[in-house]
Amino acid sequence: MMRVHRFARPLAIAAGLVALWQAVVWATAAPPYILPGPGRVLVAWVERSDIILKHAGTTATEILLGLLLGAAVGLAVATTLHAVRPIRPWLLPVLVVSQAIPVFALAPLLVLWLGYGMASKVVMAGLIIFFPVAAAFYDGLRRVEPLWLDAARTLGCRGPRLFRRVRLPAALPALASGLRVATAVAPIGAVVGEWVGSSAGLGYLMLHANGRMQTDLMFAALLTLAILSVALYTAVDAGLRRAMPWQAGEAEEPH
């Protein structure tokens with residue numbers, strides 16, 4: 001019963017969005033090449049499912065690899081900032097500048113340097129992902145309860161052992177928040193990279209469908225990307241909750 005209740009709300013939201021979409025189509029009387037209805041998009045998805053799923057696999061691989069790369073770089077940067085105090089005044093401005101430059105503007109350069117293959121899309125996704133992870137984890141490491149640190153030092157826990165036993169566990173909830181944000185924005189880097197230059201992926205498929213006025217196929221690819229993104233976020237969120245069961249979760253509503 002609880003499992004059914006868990007999926008009831010997402011299904012209701014999805015049904016409401018589809019109904020709203022169809023209502024907009026009826027109210028605006030937009031031609032199908034401008035705004036196709038859900039039925040047309042579903043037909044396009046069924047007819048071209050082999051192509052859509054093939055491109056979806058490419059995009060999913062790019063997103064996952066980018067998430068791993070960005071998370072690893074973010075963890076390394078945050079740990080370095082916390083452990084090596086003298087480099088903070090030098091490294092922090094570099095991080096700010098890296099985010100001040102629109103990542104989308106770097107996409108053509110990454111394609112030029114790394115080619116039209118998967119590498120440029122993975123690096124693009126990693127560039128978008130690493131900053132939320134680094135900022136959240138570094139903030140978590142800095143904001144450990146002072147009483148915990150004093151108690152640990154009193155017991156002789158210092159240096160790397162203090163980091164491993166006190167600071168790291170206390171910073172994990174902040175890291176989890178950063179990873180959730182990173183997962184939500186991960187598809188942006190992969191799709192923008194595919195728009196700039198690629199031969200596969202949902203972004204590539206959408207771009208070419210748009211150029212051929214195959215709006216129903218473009219919407220089908222976009223819908224697939226949305227489902228892929230939500231599924232990835234749900235999986236990461238569930239994994240984080242399982243890995244950190246001590247985090248205060250949202251209270252269950254009474255049945």
Side-chain angles (χ1 to χ4, degrees), residues 1-64 66-67 125 128-129 132 176-177 179-192 194-195 200-210 212-242 245 247-255:
M1 180 67 68
M2 184 177 295
R3 186 176 298 274
V4 174
H5 175 72
R6 184 182 302 172
F7 290 103
R9 183 176 300 173
L11 290 175
I13 293 173
L17 291 174
V18 171
L20 178 62
W21 177 4
Q22 184 62 63
V24 171
V25 172
W26 286 336
T28 60
Y33 63 86
I34 297 294
L35 180 62
R40 286 180 176 270
V41 173
L42 178 61
V43 170
W45 198 97
V46 172
E47 292 179 347
R48 309 295 296 275
S49 59
D50 53 341
I51 295 177
I52 293 174
L53 292 177
K54 177 183 176 181
H55 288 288
T58 300
T59 300
T61 304
E62 294 167 353
I63 293 172
L64 289 173
L67 187 60
I128 291 179
I129 290 165
S177 298
L179 287 172
R180 289 185 177 95
V181 174
T183 304
V185 301
I188 297 175
V191 172
V192 170
E194 291 170 356
W195 284 345
L202 291 173
Y204 166 84
L205 181 61
M206 283 188 283
L207 192 65
H208 280 256
N210 185 47
R212 294 178 173 85
M213 295 298 291
Q214 296 175 325
T215 314
D216 50 355
L217 177 60
M218 184 177 66
F219 269 76
L222 179 61
L223 183 61
T224 304
L225 178 63
I227 294 173
L228 177 64
S229 302
V230 172
L232 177 61
Y233 181 87
T234 302
V236 170
D237 180 64
L240 291 172
R241 289 178 182 274
R242 185 177 295 272
Q247 274 192 271
E250 189 175 298
E252 292 288 337
E253 295 182 3
H255 297 287

Side-chain donor/acceptor pairs under 3.5 Å, residues 14-43, sequence neighbours excluded:
residue	atom	partner	partner atom	Å
Trp21	NE1	Pro36	O	3.1
Thr28	OG1	Val24	O	2.7
Thr28	OG1	Ala30	N	3.4

For residues 222-230, dump all side-chain donor-acceptor pairs below 3.5 Å to protein atoms at least two apart in sequence or in another chain.
residue	atom	partner	partner atom	Å
Thr224	OG1	Trp45	NE1	2.8
Thr224	OG1	Ala220	O	2.8
Ser229	OG	Leu225	O	2.9

Just so I know, are the side chains of [X] and [Y] near enough to count as touching, which here means a heavy-atom distance under 4.5 Å?
{"X": "Val185", "Y": "Ile188", "answer": "yes"}
{"X": "Thr215", "Y": "Asn210", "answer": "no"}
{"X": "Leu217", "Y": "Met206", "answer": "no"}

Exercise: identify the closest heavy-atom pair between [X] and [Y]:
{"X": "Glu62", "Y": "Ala190", "answer": "OE1-CB, 3.8 Å"}
{"X": "Arg180", "Y": "Tyr233", "answer": "O-CE1, 3.4 Å"}
{"X": "Thr59", "Y": "Leu202", "answer": "OG1-N, 2.8 Å"}
{"X": "Gly66", "Y": "Ala125", "answer": "CA-CB, 3.9 Å"}
{"X": "Ala182", "Y": "Ile129", "answer": "CB-CG2, 3.4 Å"}

(request) Could you check Leu179 against Asp237 for side chain to side chain contact (heavy atoms under 4.5 Å, CB included), going step by step and ending with a plain yes or no? (result) CA-CA 9 Å; Leu179 287 172; Asp237 180 64; over 6 Å; no
Rounded to the nearest 0.5 Å, what's the gap from [atom1] on [X] to [atom2] on [Y]? Could you check?
{"X": "Asp216", "Y": "Arg48", "atom1": "CG", "atom2": "CZ", "value": "9.0 Å"}
{"X": "Leu207", "Y": "Arg212", "atom1": "CG", "atom2": "CZ", "value": "9.5 Å"}
{"X": "Thr183", "Y": "Leu67", "atom1": "OG1", "atom2": "CG", "value": "4.5 Å"}

(request) Without swapping roles, check the side chain of Gln214 against the backbone of Ala209 for a donor-acceptor pair under 3.5 Å. (result) no
(message) Using modelled atom types and a 3.5 Å cut-off, is there a donor and acceptor pairing between side-chain atoms of Thr58 and backbone atoms of Ala200?
(response) no
(request) Look at Lys54 together with Asp50 and state whether they make a salt bridge at an N to O cut-off of under 4.0 Å. (result) no
